[in-house]
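Everything below concerns the one structure shown next.
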Amino acid sequence: MYYEEEFVEEVRSRNDIVDVISTYVTLKRGGSNYVGLCPFHNEKTASFSVSPGKQMYYCFGCGAGGNVFTFLMEYENLTFVEALEQLAEKAGMDMPKSSDSAAERRKRDLRDAVLEVNKLAAKYYFAKLKSERGKDGYAYLRNRELEPETIIKFGLGFSDKNSGELYRYMKSKGYGDDILKETGLFTYDEKRGAYDKFWNRVMFPILDRNNRVIAFGGRVMGEAKPKYLNSPETIVFDKSRNLYGLNFIHGKQSEGIIICEGYMDVIALHQAGFSNAVASLGTAFTSQHCSLLKRYTDLVYLCYDSDGAGIKAAMRAIPMLKEADIRVKVIDMHPYKDPDEFMKGLSPQEFKERIKKAKTSFFYEIDHIKEEYDMDDPESKTRFMNEVAKKCLTFDNEIERNNYMEAFAREYSVRTEDFRKLVAYHSAKMAGIDYEKRKKERLQAGITQKEDGIAKRQGIFLTWLSNDPALFDKTKNIISVDDFVDEPYHQVAEMMYEQHDKMGHVEPAKIISRFQSKEEQSLVAGLFNKELKAVTQNAEQEKALNEVVQSIKKYSLDYRSRHVTDLNELQKLIEEKRKIQTLQISL
């Protein structure tokens, strides 16, 4: 979806970055900038800087940075378009119709219509719960010890025993079957016609991170099957990319996120004060869920049911979370099955204690691996030790691996040195198998590091240009926009040179707006905030400048040489390469 640059820039200019960020972060004046504690990582000393002049922010601790769009994208986990819409509304501006294709417009219109129907259905179910015909559903929720405020917070509702009532209601509101079929709320049958998918159930609206109703879950009244019924996947609902309760989580969760199995578990934890609880939506935990969680936290507490199915689910989720670089701990629910039962039987304070005592994923896995072995049989116990030794090799960090080896040795009364030797034996065995693979990876890593070094130098020179505009004129006959080969440096260079030519200065916040991903915006923001020594009359710094420019120029010429087909052009490039050695920028 594309919006004109003029509109994007107008939205940005009408939203002062200090005003926007100060609604989320406590800022204090510090010279020409404002400073505060970074909301994107834990810190005790303020390293988060907001510049009213540049209309951008940067954290010198973790490197997060960008303009007002980047901040909302990072803090609220929004897309660029979602951040643009939110800031446009704040500024009292209407969003223009984007210049997308007819097919894209039809798809967007259908999405909007489905979301409208879902919102209307949620209101309908909520009203039904409080009516005379919904008294059984309301009594069920109150018997489950849910407070009226909690019922309102989660927008819980009730679907009537009459299986066609919602359908008739939607038709009365003017919605056609072409849209209603796409919502997943209705079943179409040749004999029975159209009827409600959910009936005689307590309803749980499922909201996305922007508080839009995207689906529903329903718990049947009585003993009918299935007990829980969920919406099918639709144009607005992907089970593997959403989590129940995620709409209540904003910004980075330094204390972690609790993952449960069901709606009632999440609701019970929220009611008890644990507003960082979420659940997967009627599907197995996926790698997409891990990617989603990574945006919010680096620590996850698994709080699955304590039965066999819950243990298997935890064992499946642990490696996926670790692969996403998320630390995992497991909360012990015994003697209760799930968080809902736990809160009824004990207390929120006791649950806090369980969180403190939560086992690391390593020892949780070890405990359940142990169940497969007879620890009184020497041979069986030896196989168990070998399995644990192999698992120790999954830790890439040597210090972390050593700590776990020592902890395991203490826990199982094994001599630490003996267990180290066992781990080393399996490491050597694996090394023999993976030697060729690792050799190839090291070679590839060397190439990547070399390329990254050139990219870094392009970034350094752009930083110098932003800090010292005089360099534009001093280097104009030596280096140009075309010499910045790698992205996003080439795009940044294009905009910087254009702004300098037209206005005589660079506007960093405007440049950042041209990039829509948070990663690119943070990288570009870093270019304008790096604390590099100014390039002055110092001979040592003059030498550094020349080395950087020469390396960028050489890399650019090498790149163009590999892609040129005209012989005359190739000869010109070869001649330019010869001149590189004699390039000299005087300050």
Ignoring hydrogens and geometry, is there a side-chain-to-backbone donor-acceptor pair from Glu182 to Ile235 under 3.5 Å? no

So which heavy atom on Tyr304 is nearest to which on Ala314, and how close? CD1-N, 3.4 Å

So how far is it from Ile258 CD1 to Tyr301 OH, rounded to the nearest 0.5 Å? 8.0 Å

Report the distance from atom CG of Asp338 to atom CG of Asp307, rounding to the nearest 0.5 Å. 9.0 Å

What distance do Arg219 atom CZ and Met264 atom CE have between them, rounded to the nearest 0.5 Å? 9.5 Å

I'd like to know whether NZ of Lys344 has more than 12 heavy-atom contacts from other residues, nucleotides or ligands below 6.0 angstrom. yes

Can you find a pair of side-chain heavy atoms, one from Thr234 and one from Ile214, that are under 4.5 Å apart? no

Under-4.0 Å salt bridge between Arg133 and Glu165: yes

Smallest heavy-atom separation, Asp208 atom then Asn247 atom, equals O-CB, 3.2 Å

Are any side-chain N or O atoms of His250 and backbone N or O atoms of Arg209, one a donor and one an acceptor, separated by less than 3.5 Å? no

State whether the side chain of Thr26 and the backbone N or O of Gly36 hold a donor-acceptor pair below 3.5 Å, judged by distance alone. no

Between the side chain of Gln55 and the main-chain N/O of Ile17, is any donor-acceptor distance below 3.5 Å? yes

Glu353, CD atom: more than 12 neighbouring heavy atoms under 6.0 Å: yes

Heavy-atom donor-acceptor pair, Asp196 side chain to Tyr167 backbone, under 3.5 Å: yes

Please name the pair of heavy atoms, one in Lys322 and one in Thr394, separated by the smallest distance, quoted to 0.1 Å. NZ-OG1, 4.4 Å

List the steps, then state whether side-chain contact (heavy atoms from CB on, under 4.5 Å) holds for Tyr125 with Leu166. CA-CA 9 Å; Tyr125 290 138; Leu166 179 66; 3.1 Å; yes

Value rounded to 0.5 Å, distance of CG in Asn276 from OH in Tyr296: 13.5 Å

Gln521 side chain to Gly66 backbone, donor-acceptor under 3.5 Å: no

Check the orientation of Phe384 and Tyr412. Use parallel for under 30°, tilted for 30 to 60°, and perpendicular for over 60°. tilted

Quick one, Phe48 and Cys62 - any side-chain contact, counting heavy atoms below 4.5 Å? no

Ignoring hydrogens and angles, tell me if any N or O in the side chain of Asp265 forms a donor-acceptor pair with the backbone of Cys260 under 3.5 Å. no

Regarding Lys119 and Glu116, does a basic nitrogen lie under 4.0 Å from an acidic carboxylate oxygen? no

Looking at Phe216, I'd like to know if the NZ or CZ of Lys197 sits under 6.0 Å from its six-membered ring centre while staying within 45 degrees of the ring's axis. no

Just so I know, are the side chains of Ile249 and Leu243 near enough to count as touching, which here means a heavy-atom distance under 4.5 Å? no

Mind telling me whether Phe363 and Tyr404 have parallel, tilted or perpendicular rings, with 30° and 60° as the class edges? tilted

Does NZ belonging to Lys171 count more than 12 external heavy atoms closer than 6.0 Å? yes

Aromatic plane relationship, Phe408 with Phe362 - under 30° parallel, 30 to 60° tilted, over 60° perpendicular: perpendicular

Ring centre gap for Phe60 and Tyr58 strictly below 6.0 Å: yes

May I ask you to test the Tyr244-Ile267 pair for a side-chain heavy-atom distance under 4.5 Å? yes

Taking the six-membered ring for Trp, are Phe154 and Phe204 closer than 6.0 Å centroid to centroid? no

Under 4.0 Å between a Lys/Arg side-chain N and an Asp/Glu carboxylate O for Asp189 and Arg192? no

Min side-chain heavy-atom separation Leu180-Tyr188 under 4.5 Å: yes

Evaluate the ring planes of Tyr57 and Phe71, with Trp represented by its six-membered ring, and classify them as parallel (under 30°), tilted (30 to 60°) or perpendicular (over 60°). perpendicular

Do Leu72 and Lys90 come close enough that some side-chain heavy atom pair is under 4.5 Å? no

Ignoring hydrogens and geometry beyond distance, is a side-chain donor-acceptor pair present between Tyr263 and Asn230 at under 3.5 Å? yes

First locate atom NZ of Lys161, then atom CH2 of Trp199, and finally report the distance between them rounded to the nearest 0.5 Å. 10.0 Å

Min side-chain heavy-atom separation Tyr336-Leu346 under 4.5 Å: yes

Should Arg354 and Glu350 count as an ion pair when the cut-off is N to O under 4.0 Å? yes

Steps toward side-chain contact (heavy atoms from CB on, under 4.5 Å) verdict (Glu387, Lys390): CA-CA 5 Å; Glu387 285 301 311; Lys390 291 175 187 176; 3.7 Å; yes

Closest approach of Ala268 and Asp340, non-hydrogen atoms and distance? CB-OD1, 3.6 Å

Nearest 0.5 Å, what's the NE2-CE distance between His270 and Met343? 11.0 Å

Indicate yes or no: does Glu82 engage Arg212 in a salt bridge with an N to O separation below 4.0 Å. yes

Which one of Val50, Val20, Val11, Asp19 satisfies the side-chain contact (heavy atoms from CB on, under 4.5 Å) criterion with Val68? Val20

Within the supplied structure, the quantity of interest is the number of heavy atoms (other residues, nucleotides, ligands) at a distance under 6.0 Å from Lys173 NZ; does it exceed 12? no

Derivation and outcome, side-chain contact (heavy atoms from CB on, under 4.5 Å), residues Leu302 and Tyr364: CA-CA 11 Å; Leu302 293 180; Tyr364 179 81; over 6 Å; no

Using every non-hydrogen atom in the two residues, find where Ser240 and Gln288 come nearest and quote the distance to one decimal. O-CB, 3.1 Å

Donor-acceptor contact below 3.5 Å, side chain Arg327 vs main chain Ser361: no

Please tell me if the side chains of Cys303 and Met333 come closer than 4.5 Å, counting only heavy atoms from C-beta onward. yes

Just wondering, more than 12 heavy atoms not from Lys391 lying within 6.0 Å of its NZ? no

Backbone N or O of Gln253 within a donor-acceptor pair of the Thr297 side chain at under 3.5 Å? yes

Determine the minimum heavy-atom distance between Val266 and Gly245, stating which atoms define it. CG1-CA, 4.5 Å

Quick check: Tyr138 with Phe158 (ring centres under 6.0 Å apart)? no

Do Phe351 and Leu269 pass the side-chain contact (heavy atoms from CB on, under 4.5 Å) test, and can you show the C-alpha distance, the side-chain angles, and the key distance before you say yes or no? CA-CA 9 Å; Phe351 191 77; Leu269 285 175; 3.6 Å; yes

